[in-house]
Amino acid sequence: MNKINIIIQREYLTRVRKKSFIILTLLMPVLFVGLMGGTFWLSQLNESEAKTIVVVDETGEYFPVLHDTGQYRFVQSGENAYATLVISENLLTNPSALTLYSQKQVLAGAISTI
């Protein structure tokens with residue numbers, strides 16, 4: 001058992017003392033934050049124009065509540081829509097009666113606006 005501890009200690013020390021280990025230990029968090037920040041920045045670049053969301057409100061109660069923002073416009077009909085929001089029943093009795101369809105990935109900003 002003593003020999004195994006000596007081998008483990010030697011291997012650990014030879015790995016930790018390498019320059020590459022020290023550099024990667026310091027550099028990896030910076031790279032990770034940079035990649036996450038870059039992804040967020042790139043996702044915000046495409047949001048300069050207002051996206052149109054078509055609302056199909058079968059109840060007639062919820063469309064007047066949806067207000068346009070700088071990023072999203074809500075209309076009852078139209079083409080070239082970013083997404084289509086279908087409200088089939090009263091959301092107070094059935095919260096799952098709301099469905100959002102889109103050709104692309106729906107951004108979190110659209111979901112939070114709705």
Side-chain angles (χ1 to χ4, degrees):
M1 189 69 172
N2 191 18
K3 291 179 182 181
I4 293 176
N5 288 335
I6 292 171
I7 292 171
I8 291 173
Q9 182 180 12
R10 180 182 172 274
E11 289 294 322
Y12 175 76
L13 289 176
T14 57
R15 302 279 191 253
V16 171
R17 287 186 181 162
K18 284 185 174 181
K19 287 182 183 178
S20 61
F21 179 83
I22 295 169
I23 290 171
L24 283 177
T25 301
L26 298 174
L27 195 60
M28 196 54 73
V30 174
L31 288 174
F32 183 74
V33 169
L35 285 174
M36 296 302 285
T39 304
F40 179 75
W41 179 71
L42 287 174
S43 70
Q44 297 299 320
L45 281 179
N46 199 16
E47 299 232 1
S48 60
E49 61 186 44
K51 294 183 178 4
T52 303
I53 297 177
V54 175
V55 179
V56 179
D57 186 6
E58 296 175 2
T59 64
E61 299 175 10
Y62 297 102
F63 180 73
V65 178
L66 297 171
H67 300 289
D68 294 345
T69 64
Q71 294 178 334
Y72 303 102
R73 273 185 337 129
F74 296 99
V75 295
Q76 286 186 321
S77 65
E79 294 181 18
N80 298 329
Y82 168 69
T84 302
L85 177 66
V86 178
I87 304 169
S88 58
E89 295 179 34
N90 188 348
L91 296 176
L92 296 175
T93 58
N94 186 6
S96 64
L98 182 121
T99 309
L100 185 64
Y101 298 101
S102 177
Q103 293 286 336
K104 299 179 181 178
Q105 177 73 28
V106 178
L107 298 175
I111 295 170
S112 65
T113 302
I114 293 170

Rounded to the nearest 0.5 Å, the OG1 atom of Thr52 sits from the CZ atom of Phe74 at a distance of 10.0 Å
Is Leu100 linked to Val65 within one hydrophobic cluster, defined over Ile, Leu, Val, Met, Phe, Trp and Tyr using a side-chain heavy-atom separation of less than 4.5 Å? no
Find out if a path of hydrophobic residues (ILVMFWY) with successive side-chain heavy-atom gaps under 4.5 Å connects Val16 to Leu13.
yes
In this structure, OG1 of Thr69 is separated from NZ of Lys51 (nearest 0.5 Å) by 11.0 Å
Do Ile111 and Ile114 sit in the same hydrophobic cluster, where Ile, Leu, Val, Met, Phe, Trp and Tyr count as joined when their side-chain heavy atoms come under 4.5 Å apart? yes
d(Ile53 CD1, Tyr72 OH) to nearest 0.5 Å is 6.5 Å
> Hey, any chance Leu91 and Phe63 share a hydrophobic cluster, counting ILVMFWY side chains that come within less than 4.5 Å of each other, even indirectly?
Replying inline: yes
### Query
Okay, side chain of Thr84, backbone of Tyr101: is any donor-acceptor separation there less than 3.5 Å?
no
Between the CZ atom in Phe21 and the OG1 atom in Thr14, the distance rounded to the nearest 0.5 Å is 11.0 Å
Residues Gln76 and Val54: closest non-hydrogen pair is O-CG1, 3.8 Å
Given side-chain contact (heavy atoms from CB on, under 4.5 Å), test Leu85 with Leu66 step by step and report yes or no. CA-CA 11 Å; Leu85 177 66; Leu66 297 171; 3.9 Å; yes
Residue pairs meeting salt bridge (Lys or Arg N to Asp or Glu O under 4.0 Å), one or both in residues 14-42, sequence neighbours left out, come to Glu11-Arg15
Smallest heavy-atom separation, Pro64 atom then Gly60 atom, equals CD-O, 4.2 Å
For Glu89 and Asn94, the nearest pair of non-hydrogen atoms, with its separation, is OE1-ND2, 3.3 Å
The reported gap from CG in Leu27 to CD1 in Ile22 (rounded to nearest 0.5 angstrom) is 13.0 Å
When every non-hydrogen atom of Ala50 is compared with those of Gly70, the smallest separation belongs to CB-O, 3.8 Å
Please say yes or no: joined through hydrophobic side-chain contacts below 4.5 Å, possibly via intermediate residues, are Trp41 and Leu35 part of one cluster? no
Heavy-atom closest pair (Val106 atom, Ala110 atom, distance to 0.1 Å) is CG1-CB, 3.9 Å
Separation between OG1 (Thr59) and CG (Asn90), nearest 0.5 Å, reads 6.5 Å
